[in-house]
Colleague: 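Here's a structure for you.
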Amino acid sequence: MRVEDNIKKIAADLLAYYDVHARKLPWRAPPGANAADPYRIWLSEVMLQQTTVAAVGPYFAKFTKRWPDVAALAAEEDAEVMAAWAGLGYYARARNLLACARAVADAHGGTFPDTEEGLRALPGVGAYTAAAVAAIAFGRRAVVVDANVERVVARLFAIATPLPAARPEIRSATDVITPDLRAGDFAQAMMDLGATICTARNPACGICPLRDDCAAVLTADPAAFPIKAAKKAKPHRLGHGWWIERPDGHVWLVRRPDKGMLGGMRALPSSEWNDAPDGTPPLVARWRRVAEPVAHVFTHFSLALTVHHAHVGQDVTPPGDGEWWPVAEIGRAGLPTLFARAAEAAMKEGKKDARL
DNA sequence: TATACGTGGAA
DNA sequence: TTTCCAAGTAT
């Protein structure tokens, strides 16, 4: 068989597999439906960045119900969107999501650009997302490379170069096997394959539709591809958080700066997070320390947050910008997971305190 | 090119 | 328990 035929066989095999086994996902137009809605495709792609399908599901449902189109999202207030995103992580995505929605609503007349280049210029839309939306929502031929595609392609061609150095090689190999027609389906098929068969661990090579096309399956350990550079050790940091409660059952919440960890999110006042954080509370009060620090693991460090709890007078205002939030409504504040856990620990401590 | 940036589930 | 990993982007 000629090389070009072999290349075409890969796309043909994969699309045949997809026609039968495509996962049914909320952001995929059902068979026979009208063309995909670019808003829903874009929203799902942003939510899915570094995030599992299972985690995205409820958030996608919530967002599309509350904000059915890009104009509705663009018109929403920042705090509402940030709170709705709380718990999903990587909060820069939520800030960029709003910026992008407003750019589309204002600068593009409410319509998403339909080219990779136009999409790429939007906030929070990188090489992957631009290619994915161009292909899936607009039927463009685009080379879509995410972690699934990287893994599948590295195995198909047994690419021995370690990541991240292998990226250019993987991209051009993906370009070669991407068909002119159905590039969107091809991309989604690659991702389905990577998520269900060509998985990172214990790939199911025995039932893989590309088994006959795969170089790695002929090696001793197909799962070893792609080769990856060793990871750095994760440092451990300490921090303090303060739960300041008023007699009328309100707690003091701050909004974190846009840049940095948990940027733009509501939070408890807290210290810097490092080897030896300053444990000086934001105000003078009778502080109780919650016995067990809240342990939390982020992407590049782990944190033990010591939570402190105090009741203050009704007329007290802690320093800095913030707001009094009803404790009974703390679930609606949109606290990121770390601070949701800290709040939980503080409230537990508060009940103990009340019994004394 | 390397680093910052969340979270929860699986092995 | 620990480690890895999931539809990446911005700087």
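Residue numbering restarts at 1 for every chain, and letters A, B, ... go by the order of the sequence lines. Bear in mind the structure is a predicted one, so any value in this text is a computation, not a measurement.
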Colleague: Classify the ring geometry between A:H309 and A:W243 as parallel (under 30°), tilted (30 to 60°) or perpendicular (over 60°).
Modeller: parallel

Colleague: Determine the contact category for A:M261: base if any of its heavy atoms lies under 4.0 Å from a base atom, sugar-phosphate if only primed atoms, P, OP1 or OP2 are that close, otherwise nothing.
Modeller: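 The residue A:M261 makes sugar-phosphate contact but no base contact.
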
Colleague: Any Lys/Arg nitrogen of A:D192 or A:R28 sitting under 4.0 Å from an Asp/Glu carboxylate oxygen of the other?
Modeller: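 The answer is yes: the pair qualifies as a salt bridge.
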
Colleague: Strictly below 4.0 Å: does A:T337 bring a side-chain N or O up to OP1 or OP2 of B:dT7?
Modeller: yes

Colleague: Base, sugar-phosphate, or nothing: which does A:A127 touch, judged by heavy atoms less than 4.0 Å apart?
Modeller: sugar-phosphate

Colleague: Hey, does the side-chain of A:T51 have a donor or acceptor N/O within less than 3.5 Å of a partner on the base of B:dG6?
Modeller: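 When only heavy-atom distances are counted, A:T51 does reach the base of B:dG6 through a donor-acceptor pair under 3.5 Å.
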
Colleague: Any carboxylate oxygen within less than 4.0 angstrom of a Lys/Arg side-chain nitrogen, looking at A:E272 and A:R237?
Modeller: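 No, A:E272 and A:R237 are not salt-bridged.
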
Colleague: What is the nucleic acid contact for A:L25, judged by heavy atoms within less than 4.0 Å: base, sugar-phosphate only, or nothing?
Modeller: base

Colleague: Taking only side-chain N and O atoms of A:R151, does any of them lie within less than 4.0 angstrom of OP1 or OP2 on C:dC5?
Modeller: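 For C:dC5, neither OP1 nor OP2 has a side-chain N or O of A:R151 closer than 4.0 Å.
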
Colleague: Given the side-chain rings of A:F298 and A:H300, with only the six-membered ring counted for Trp, is the space between their centroids under 6.0 Å?
Modeller: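 When the ring centroids of A:F298 and A:H300 are compared, they turn out to be at least 6.0 Å apart.
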
Colleague: Looking at C:dG8, does its base get a donor-acceptor pair with the side chain of A:Y128 below 3.5 Å?
Modeller: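 There is none.
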
Colleague: Is the phosphate of B:dT7, meaning OP1 or OP2, less than 4.0 Å from a side-chain N or O of A:Y91?
Modeller: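 The answer is yes; a side-chain N or O of A:Y91 sits under 4.0 Å from OP1 or OP2.
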
Colleague: Taking atom P of C:dA6 as reference, at what distance in whole Å does atom CG of A:L88 sit?
Modeller: 17 Å

Colleague: In this structure, how many angstroms lie between the P atom of C:dA10 and the CG atom of A:N96, rounded?
Modeller: 6 Å

Colleague: Does A:R120 place a side-chain N or O at less than 4.0 Å from the phosphate oxygens OP1/OP2 of C:dA10?
Modeller: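 For C:dA10, OP1 or OP2 has a side-chain N or O of A:R120 closer than 4.0 Å.
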
Colleague: Got more than 12 heavy atoms from elsewhere within 6.0 Å of CD, A:E344?
Modeller: no

Colleague: Please measure how far the C1' atom in B:dG6 lies from the corresponding atom in C:dA6, and state the result in whole Å.
Modeller: 12 Å

Colleague: Given B:dG6, is OP1 or OP2 found less than 4.0 Å from the side-chain N or O atoms of A:H296?
Modeller: no

Colleague: Looking for any heavy atom pair under 4.0 Å, which part of the strands does A:V46 touch: base, sugar-phosphate only, or nothing?
Modeller: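 Contact class for A:V46: none.
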
Colleague: A:F63 and A:Y39: which non-hydrogen atoms are nearest, and at how many Å?
Modeller: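 That closest heavy-atom pairing would be O-OH, 4.4 Å.
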
Colleague: Applying a 4.0 Å non-hydrogen cut-off, can you work out what A:G87 is touching in the nucleic acid: base, sugar-phosphate, or nothing?
Modeller: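 Sugar-phosphate, no base atom in range.
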
Colleague: Would you please confirm or rule out a distance under 4.0 Å between OP1 or OP2 of B:dT7 and any side-chain N or O of A:R93?
Modeller: no

Colleague: By the 4.0 Å heavy-atom rule, please label A:A132 as base, sugar-phosphate, or nothing.
Modeller: nothing

Colleague: Rounded to whole Å, how long is the line connecting atom CZ of A:R171 with atom P of C:dG8?
Modeller: 16 Å

Colleague: Tell me whether the side-chain N/O atoms of A:H300 come closer than 4.0 Å to OP1 or OP2 in B:dT3.
Modeller: no

Colleague: Check the distance between B:dA4's P and A:K232's NZ and give it to me in whole angstrom.
Modeller: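 Spelled out: NZ on A:K232 to P on B:dA4 is 8 Å.
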
Colleague: Within the pair A:T129 and C:dT9, is there a side-chain N or O less than 4.0 Å away from OP1 or OP2?
Modeller: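 Checking C:dT9 against A:T129, a side-chain N or O does come within under 4.0 Å of OP1 or OP2.
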
Colleague: Measure the distance from CH2 on A:W42 to C1' on C:dA7 and round it to the nearest whole Å.
Modeller: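 It is 15 Å, rounded to the nearest whole Å.
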
Colleague: According to a strict under-4.0 Å criterion, is A:Q50 in side-chain N/O contact with OP1 or OP2 of C:dG8?
Modeller: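 Yes, because at least one side-chain N or O of A:Q50 sits under 4.0 Å from OP1 or OP2 of C:dG8.
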
Colleague: Nearest nucleotide by nearest heavy atom, which residue falls closer to the 5' end of DNA chain C, A:M191 or A:R201?
Modeller: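 Upstream on the strand: A:R201.
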
Colleague: At under 4.0 Å, does any side-chain N or O of A:K234 touch on OP1 or OP2 of C:dT3?
Modeller: no

Colleague: Could you check A:A165 against A:Y90 and say which one's nearest nucleotide on DNA chain B is further toward the 5' end?
Modeller: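 In this pair, the answer is A:A165.
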
Colleague: Using a 4.0 Å heavy-atom cut-off across all strands, classify A:W27 as base, sugar-phosphate, or nothing.
Modeller: base

Colleague: Over all strands shown, is A:K259 touching base, sugar-phosphate only, or nothing at heavy-atom distances under 4.0 angstrom?
Modeller: nothing

Colleague: What does A:L262 touch in the nucleic acid at a heavy-atom separation under 4.0 angstrom: a base, only the sugar-phosphate, or nothing?
Modeller: sugar-phosphate

Colleague: What is the ring orientation for A:H308 with A:W242, classed by angle as parallel under 30°, tilted 30 to 60°, or perpendicular over 60°?
Modeller: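 Taking A:W242 first and then A:H308, their aromatic rings lie parallel (interplane angle under 30°).
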
Colleague: What is the distance, to the nearest angstrom, from the CZ atom on A:F186 to the P atom on C:dA7?
Modeller: 15 Å

Colleague: Assign A:A55 to base, sugar-phosphate, or nothing according to its heavy-atom contacts below 4.0 angstrom with the strands shown.
Modeller: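 Touches nothing.
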
Colleague: Considering only the P atoms, how many Å lie between B:dT3 and C:dA7, rounded to the nearest integer?
Modeller: 23 Å

Colleague: Measure from CD on A:Q188 to C1' on C:dA7 and round the result to the nearest Å.
Modeller: 10 Å

Colleague: Check the distance between C:dT9's P and A:E150's CD and give it to me in whole angstrom.
Modeller: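 These atoms are roughly 11 Å apart.
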
Colleague: Within the structure shown, what part of the strands sits under 4.0 Å from A:G260 by heavy-atom distance: base, sugar-phosphate, or nothing?
Modeller: sugar-phosphate

